[in-house]
S.K.: 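Take a look at the following structure, please.
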Amino acid sequence: MADNTYTVTRLAEEIHENIFDEDDTLMTVSRIEAWLAANIGSLNTLIHSSFDSEFAPPDSDVYVFGYEEASIYTQVYLEDYYKKLARKVIQGSFSVTGVTMSEWTKIVEGDTTIERKAISPADASRAYTSLAKEAAEKVLYLVGRYNRHAAKPRQVNVKNSA
């Protein structure tokens, strides 16, 4: 495999390493990998391709899933991930990252005081929705550039029969 080609596993490992800092309490490689394999149709629709769940096009000698596609698909994944987090917060499962937020805002012990600003579920959901929107905007930007630069010429070279 060439250095600029991807497999589902390789992309999942890169997302896990670079986005989640290899923290399995946030997300596991296997869950990312399963999502990527199951949702390849989203990417195919965006970039007018026909990759399968292993990122291989019908004629793999002609084209491979590379850096550009991986960049776009990572943003598609993040958009979905943040939308799910926003929904979970609103639905009341406030332990979206595996750590349940407690209700405390101030702890006093002796002469030590620890205080934090309480985050409402609505505020947390808005933050995740904002991150999802950012990812969606980046998808549109990357897809626009990808489609513009990956477009093949459609004109036909016709010889003049004089």
Side-chain angles (χ1 to χ4, degrees), residues 1-99 101 119-158:
M1 171 173 51
D3 198 36
N4 66 341
T5 62
Y6 280 83
T7 63
V8 176
T9 303
R10 179 178 171 204
L11 183 56
E13 288 169 348
E14 285 188 11
I15 290 171
H16 187 253
E17 179 182 339
N18 298 319
I19 305 297
F20 297 105
D21 296 326
E22 297 180 341
D23 185 347
D24 285 339
T25 62
L26 297 175
M27 186 58 64
T28 63
V29 172
S30 61
R31 288 184 68 192
I32 298 168
E33 189 175 349
W35 189 94
L36 293 173
N39 290 280
I40 191 66
S42 300
L43 180 68
N44 286 333
T45 300
L46 287 169
I47 63 172
H48 312 290
S49 60
S50 56
F51 293 107
D52 65 18
S53 63
E54 289 300 317
F55 297 164
D59 185 0
S60 55
D61 291 337
V62 174
Y63 194 74
V64 295
F65 190 96
Y67 296 129
E68 293 82 6
E69 294 83 3
S71 179
I72 294 167
Y73 206 25
T74 297
Q75 292 303 313
V76 171
Y77 172 80
L78 287 175
E79 178 185 359
D80 182 73
Y81 175 77
Y82 290 130
K83 281 181 181 177
K84 283 180 185 171
L85 289 181
R87 266 194 317 271
K88 285 181 180 183
V89 169
I90 290 299
Q91 292 169 346
S93 32
F94 205 53
S95 67
V96 292
T97 62
V99 179
M101 296 280 292
I119 300 172
S120 74
D123 288 340
S125 181
R126 273 192 288 279
Y128 287 130
T129 300
S130 176
L131 290 169
K133 184 179 176 186
E134 250 179 64
E137 288 170 357
K138 191 163 185 180
V139 166
L140 290 176
Y141 172 78
L142 291 171
V143 166
R145 295 190 58 88
Y146 178 88
N147 285 336
R148 187 170 43 252
H149 295 294
K152 308 286 186 272
R154 294 178 184 249
Q155 70 269 17
V156 177
N157 190 3
V158 180

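Bear in mind that the values here come from a model prediction, so they are computed numbers and not experimental data.
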S.K.: Could you tell me whether a side-chain N or O of Tyr73 sits under 3.5 Å from a main-chain N or O of Leu36, the two making a donor and an acceptor?
M.R.: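 Yes; judged by distance alone, with no hydrogens or angles, the pair exists.
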S.K.: Looking at every heavy atom in both Leu85 and Tyr128, which two are closest together, and how far apart are they?
M.R.: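 What the structure gives for the nearest pair is CD1-CE2, 3.5 Å.
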S.K.: Might you work through the side-chain contact (heavy atoms from CB on, under 4.5 Å) test for Ile19 and Tyr81, ending with a clear yes or no?
M.R.: CA-CA 11 Å; Ile19 305 297; Tyr81 175 77; over 6 Å; no
S.K.: Any side-chain heavy atom of Glu17 sitting closer than 4.5 Å to one from Glu13?
M.R.: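 In short, these two side chains do not touch, never coming nearer than 4.5 Å.
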S.K.: Just by distance, do the side chain of Thr74 and the backbone of Ala70 share a donor-acceptor pair under 3.5 Å?
M.R.: yes
S.K.: Are Arg10 and Glu14 ion-paired here, with the side-chain N under 4.0 Å from a carboxylate O?
M.R.: yes
S.K.: For a 4.5 angstrom cut-off between non-hydrogen side-chain atoms, does Asp80 reach Asn39?
M.R.: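 No - every pair of side-chain heavy atoms lies 4.5 Å or more apart.
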S.K.: Check salt bridge (charged side-chain N to carboxylate O under 4.0 Å, His left out) between Lys83 and all other residues, then give those that pass, not counting sequence neighbours.
M.R.: Glu79
S.K.: Where do Phe65 and Phe51 land on the ring pair (Phe, Tyr, Trp, His ring centres under 6.0 Å) test, with the steps shown first?
M.R.: CA-CA 8 Å; Phe65 190 96; Phe51 293 107; 5.1 Å; yes
S.K.: Could you tell me whether the side chain of Phe55 reaches within less than 4.5 Å of the side chain of Leu11, counting heavy atoms only?
M.R.: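 They are in side-chain contact.
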S.K.: Indicate the atoms forming the closest heavy-atom contact of Leu46 with Asn147, along with that distance.
M.R.: O-ND2, 3.3 Å
S.K.: Tell me if a side-chain donor or acceptor on Ser125 pairs with a main-chain N or O of Pro121 at a distance below 3.5 Å.
M.R.: no
S.K.: Compare every heavy atom of Ser42 with every heavy atom of Val76, then report the nearest pair and how far apart it is.
M.R.: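 That would be CG1-CB, 4.3 Å.
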S.K.: Rounded to the nearest 0.5 Å, what's the gap from NE2 on His48 to CG on Leu43? Could you check?
M.R.: 11.0 Å
S.K.: Please report the shortest heavy-atom distance between Val89 and Ala124, naming the atom on each side.
M.R.: CG1-CB, 3.9 Å
S.K.: What pair of heavy atoms forms the shortest contact from His16 to Asp24, and how long is it?
M.R.: NE2-OD1, 2.8 Å
S.K.: Is Trp35 close to Met27 at the side-chain level, that is, under 4.5 Å between some pair of heavy atoms?
M.R.: no
S.K.: Heavy-atom distance under 4.5 Å between the side chains of Gln75 and Tyr141, does that happen here?
M.R.: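 When only atoms from C-beta onward are counted, Tyr141 and Gln75 do not touch, as no gap falls below 4.5 Å.
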S.K.: How long is the gap from CD on Glu69 to CG on Leu142, to the nearest 0.5 Å?
M.R.: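 Output value for this atom pair is 11.0 Å.
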S.K.: Looking only at heavy atoms, what is the nearest atom pair of Phe20 and Leu26, with distance?
M.R.: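 Closest heavy-atom pair between Phe20 and Leu26: CD2-CB, 3.9 Å.
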S.K.: To the nearest 0.5 Å, how far apart are CG in Leu78 and CG in Leu131?
M.R.: 9.0 Å
